[in-house]
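Input: a single structure, listed below in structure tokens.
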Amino acid sequence: MSSESVEDELSAPSDFLSRMRHTTTHVMAQAVNEIFPDAKLGIGPVIENGFYYDFDLPRSLTPDDLEEIERRMTRIVKEDLKLNRFVEPREVARQRCENMGQSYKVQLIDDLPEGEEISFFQQGDFIDLCRGPHIESTGRIGAFKLMSVAGAYWRGSEKNPMLQRIYGTAFQKKSQLESYLEMLEEAKKRDHKVLGKQLGLFMNSSLIGPGLPLWLPNGAIVRRTLERFIQDVEIERGYEHVYTPVLAHKNLYEVSGHWEHYKDGMFPVMEIDGEEFVLRPMNCPHHIQIFKNELRSYRELPVRYAELGTMYRWEKSGELSGLSRVRAMTLSDAHIFCSEDQVKDEVKAAILMIEDAYRRLGITEYRYRLSLHDPKNTEKYVDNPELWSKAEGELREVFAELDMPYYEGVGEAAFYGPKIDIQLKNVLGREETVSTVQVDRHLPNQFELEFIGEDGKRHRPVMIHRGYLSTMERMISFLIEHYAGAFPVWLAPEQVRILSIADRHNEWCEALAKRMNALGLRVKVDARSEKTGKKIAEAQIRKIPYMLIVGDRDIENGTVSVRVREKGDIGPRPVDEFIADLKAEADARGLPDHPIASV
RNA sequence: GCCGACGUGGCUCAGUGGUAGAGCAGCUGUUUCGUAAACAGCAGGUCACCGGUUCGAAUCCGGUCGUCGGCUCCA
């Protein structure tokens with residue numbers, strides 16, 4: 001992280017927008033410096049949709065300060081100051097920063113590799129250590145806006161002092177800035193926390209506790225439907241399901257190594273009658289005990305145990321968020337026990353299974369990360385260089401053999417082994433880990449797992465940890481945002497709402513709903529004495545895929561007037577035909593082709 | 001956990017020291033209506049919690065809890 005930040009600070013991309021944003025961040029620093037002459041500067045890189053700069057200031061910034069800074073920035077832009085670049089020898093540069101009291105900049109210089117050119121940029125009186133590149137003058141900066149203030153640790157480490165980070169963005173044209181801000185507003189409406197409330201999917205109770213969400217009936221339908229899908233696919237693909245408890249002796253996790261490496265992520269020990277229990281933060285040790293329950297033959301392998309495993313992790317309070325970061329979660333987990341020569345095939349099969357699910361869910365924006373350990377961090381990772389290099393090499397081979405592109409993330413591995421993480425892009429363009437496949441030779445050692453080989457001798461199996469569709473919490477928070485709450489038919493809590501035109505149609509509507517319910521379709525009737533327009537508006541807000549409007553004409557002709565969520569009124573359809581089409585669409589368990597709407 | 005902001009009926013939000021408000025939702029009644037919100041009435045709030053300042057606190061101050069945006073961490 002620290003080396004990357006230095007990198008960010010000193011080598012911004014060179015296209016005009018990036019250079020302009022980089023210059024804007026300098027203008028911001030200049031403005032802050034005017035208000036706080038003693039401000040110490042951290043780093044000020046360009047990021048995906050803008051920029052930030054970190055400051056060490058005598059007091060914390062308020063929203064009013066941001067306005068003041070913006071005003072000063074506007075003035076600096078108007079002054080149209082030229083940016084001058086100059087280079088200095090290391091010692092001179094270092095002395096300059098020290099004289100300016102810029103201790104963080106001194107640290108940056110000290111960390112620059114030998115022989116690196118050390119450059120400064122100056123506009124007006126303001127001088128800043130920076131590699132650039134910049135635009136030629138502040139006057140060429142277009143529309144900008146400061147977005148927020150946040151605390152950020154110097155160099156990203158909790159051990160370092162916390163600086164104040166100001167986030168901002170800039171565009172060449174005002175209209176571009178405006179449409180970006182509009183886009184953020186739109187994204188807010190897709191926020192799963194907002195939609196979760198609006199659609200009655202989940203809630204939190206401060207009495208129950210933060211990070212412990214409660215699934216409301218509608219959310220429970222989405223979850224159950226997804227869980228059934230997961231289990232059905234797993235059965236098809238040769239997994240066996242098990243159920244294991246969420247508590248275990250602390251000792252289990254001492255053997256596994258979790259206690260040593262993962263203690264901070266666990267709820268504290270419960271002690272009773274001299275026994276120590278913990279809530280499990282992972283399911284693997286439980287599945288391992290099942291593997292060990294009998295003597296295994298190579299003929300049985302691979303053994304694949306799957307479970308929607310509920311677990312508890314002590315997430316720090318500031319990390320919690322809606323359904324995506326929680327303390328109680330259920331992972332679509334599985335552990336594959338196999339022989340050395342089965343590893344790569346099993347990893348590949350798991351990846352292909354995950355890709356197939358994404359296709360059905362309509363998820364296309366993702367990339368593979370090979371998550372490697374950090375050899376320098378022996379505290380976080382099991383210290384066994386041979387195992388690491390073997391497993392990491394193996395996963396690279398898998399990518400090569402599948403001909404799949406990927407990138408590597410050092411320091412992203414699990415404590416026991418490297419991972420293939422599938423990184424999804426969420427609505428805000430941020431990546432989150434959803435599915436994961438991990439190769440592990442550590443836990444089999446810890447628990448002394450064995451199977452009898454063809455040669456009659458004992459061999460150690462390899463374990464593959466496979467998180468299929470993440471935790472139900474994170475996956476569904478992702479899907480809510482991905483679909484903007486408009487779930488495809490197979491996942492929609494309420495698939496159809498029947499709207500009666502007048503009270504006299506209610507009985508017929510109820511009978512129709514009953515008939516569809518009997519086929520496993522989720523149908524409700526809006527039998528209130530409200531105007532049709534109002535019933536439509538409400539069903540639309542609830543994002544129900546189909547509305548069936550029923551009045552005299554329909555009852556007479558045996559039709560329903562179909563209104564499709566995305567398309568509006570598509571006119572009357574024979575009842576039997578609609579039901580058959582809907583049933584087919586729901587059973588397909590995939591993105592809708594909209595057979596009904598396509599007519 | 002750290003930095004910052006915020007917390008007012010079920011929901012969305014007004015209200016900056018002087019008797020707690022609106023819209024939607026809810027309930028009751030009227031309306032029976034064909035593709036995005038009929039009309040009227042009623043009810044609903046220890047202004048997150050605890051303490052302080054003040055003749056008087058939703059409003060000012062302190063603390064606690066919770067939420068949000070970041071940092072760190074992560075499925």
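Chain identifiers are assigned alphabetically (A, B, ...) following the order of the sequence lines, protein sequences preceding nucleic acid strands; residue numbering begins at 1 within each chain. Heavy-atom basis, side chains included; hydrogens, waters and symmetry copies ignored.
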(request) For the pair A/Glu408 (side chain) and A/Ser371 (backbone), establish whether a donor and an acceptor sit closer than 3.5 Å, ignoring hydrogens and angles. (result) no
(request) Sort out the partner of B/C55 for me: Watson-Crick or G-U wobble, both distances under 3.5 Å, none otherwise. (result) B/G18
(message) Going by purine N1 to pyrimidine N3 plus the second Watson-Crick contact, or the G-U wobble pair, all under 3.5 Å, which nucleotide sits opposite B/C49?
(response) B/G63
Name the nucleic acid region contacted by [X], choosing base, sugar-phosphate or nothing; use a 4.0 angstrom heavy-atom cut-off, strictly under.
X	answer
A/Gly309	nothing
A/Lys380	sugar-phosphate
A/Asp421	nothing

Listed nucleotide nearest any side-chain atom of [X], set [options]:
X	options	result
A/Ser529	B/U32, B/A37, B/G66	B/U32
A/Glu315	B/G34, B/C74, B/G1	B/C74
A/Glu158	B/G1, B/A75, B/U35	B/G1
A/Arg563	B/U35, B/C68, B/G34	B/U35

Please tell me if [X] has a side-chain N or O lying less than 4.0 Å from either OP1 or OP2 of [N].
X	N	answer
A/Arg155	B/U72	no
A/Lys535	B/A38	no
A/Arg497	B/U35	no
A/Tyr167	B/C71	yes
A/Lys419	B/A75	yes

Gap between atoms [atom1] and [atom2], on [X] and [N] respectively (whole Å):
X	N	atom1	atom2	result
A/Tyr312	B/A75	OH	P	18 Å
A/Arg325	B/G70	CZ	C1'	13 Å
A/Glu48	B/G70	CD	C1'	16 Å
A/Asp569	B/U35	CG	P	9 Å
A/Asp374	B/C74	CG	P	12 Å
A/Arg223	B/A75	CZ	P	18 Å
A/Arg327	B/G66	CZ	P	8 Å
A/Ile501	B/A36	CD1	C1'	14 Å

Using the [atom1] atom as the point on both nucleotides, what is the distance between [M] and [N], in whole Å?
N	M	atom1	answer
B/G18	B/C73	C1'	50 Å
B/U8	B/G41	P	28 Å
B/C6	B/U16	P	15 Å
B/U12	B/C65	C1'	24 Å
B/U64	B/G69	P	22 Å
B/G56	B/C13	C1'	27 Å
B/U67	B/A25	C1'	23 Å
B/G26	B/G62	C1'	39 Å

(message) If I take atom OG from residue A/Ser332 and atom CG from residue A/Leu226, how far apart are they, to the nearest 0.5 angstrom?
(response) 7.5 Å
(request) State the CD1-CZ distance between A/Ile480 and A/Phe487, to the nearest 0.5 angstrom. (result) 5.0 Å
(message) Below 30° counts as parallel, above 60° as perpendicular, anything between as tilted: where do the rings of A/Phe415 and A/His261 land?
(response) parallel
(message) Check the orientation of A/Tyr366 and A/Tyr368. Use parallel for under 30°, tilted for 30 to 60°, and perpendicular for over 60°.
(response) perpendicular
(request) Work out which heavy atom in A/Asp569 is nearest to a heavy atom in A/Arg563; give both atom names and the distance. (result) N-CG, 3.7 Å
(request) Please determine which of A/Glu319, A/Glu432, A/Glu473 meets the salt bridge (charged side-chain N to carboxylate O under 4.0 Å, His left out) test together with A/Arg325. (result) A/Glu319
(message) Pairing donors with acceptors under 3.5 angstrom, does anything connect the side chains of A/Thr330 and A/Thr310?
(response) yes
(request) Using a 4.0 Å heavy-atom cut-off, write out nucleotides 22-27 of chain B from 5' to 3' as B (base contacted by protein), S (sugar-phosphate only) or - (no contact). (result) ---S--
(message) Treating primed atoms plus P, OP1 and OP2 as sugar-phosphate and everything else as base, which nucleotides of nucleotides 2-13 of chain B get B, S or - for protein heavy atoms under 4.0 Å?
(response) BBS------SS-
Are [Y] and [X] an aromatic pair, judged by ring center distance below 6.0 Å?
X	Y	result
A/Phe51	A/Tyr53	no
A/Tyr546	A/Phe578	yes
A/Tyr416	A/His442	no

Can you find a donor-acceptor N/O pair under 3.5 angstrom joining the side chain of [X] to the base of [N]?
X	N	answer
A/Ser470	B/A75	no
A/Ser561	B/G34	yes
A/Arg313	B/C73	no

With a 3.5 Å cut-off and sequence neighbours excluded, list the donor-acceptor pairs that the side chains of residues 193-205 of chain A form with protein atoms.
{"residue": "A/Lys193", "atom": "NZ", "partner": "A/Asp191", "partner atom": "OD1", "Å": "3.4"}
{"residue": "A/Lys193", "atom": "NZ", "partner": "A/Asp191", "partner atom": "OD2", "Å": "3.4"}
{"residue": "A/Ser205", "atom": "OG", "partner": "A/Leu207", "partner atom": "N", "Å": "3.2"}
{"residue": "A/Ser205", "atom": "OG", "partner": "A/Ile208", "partner atom": "N", "Å": "3.1"}

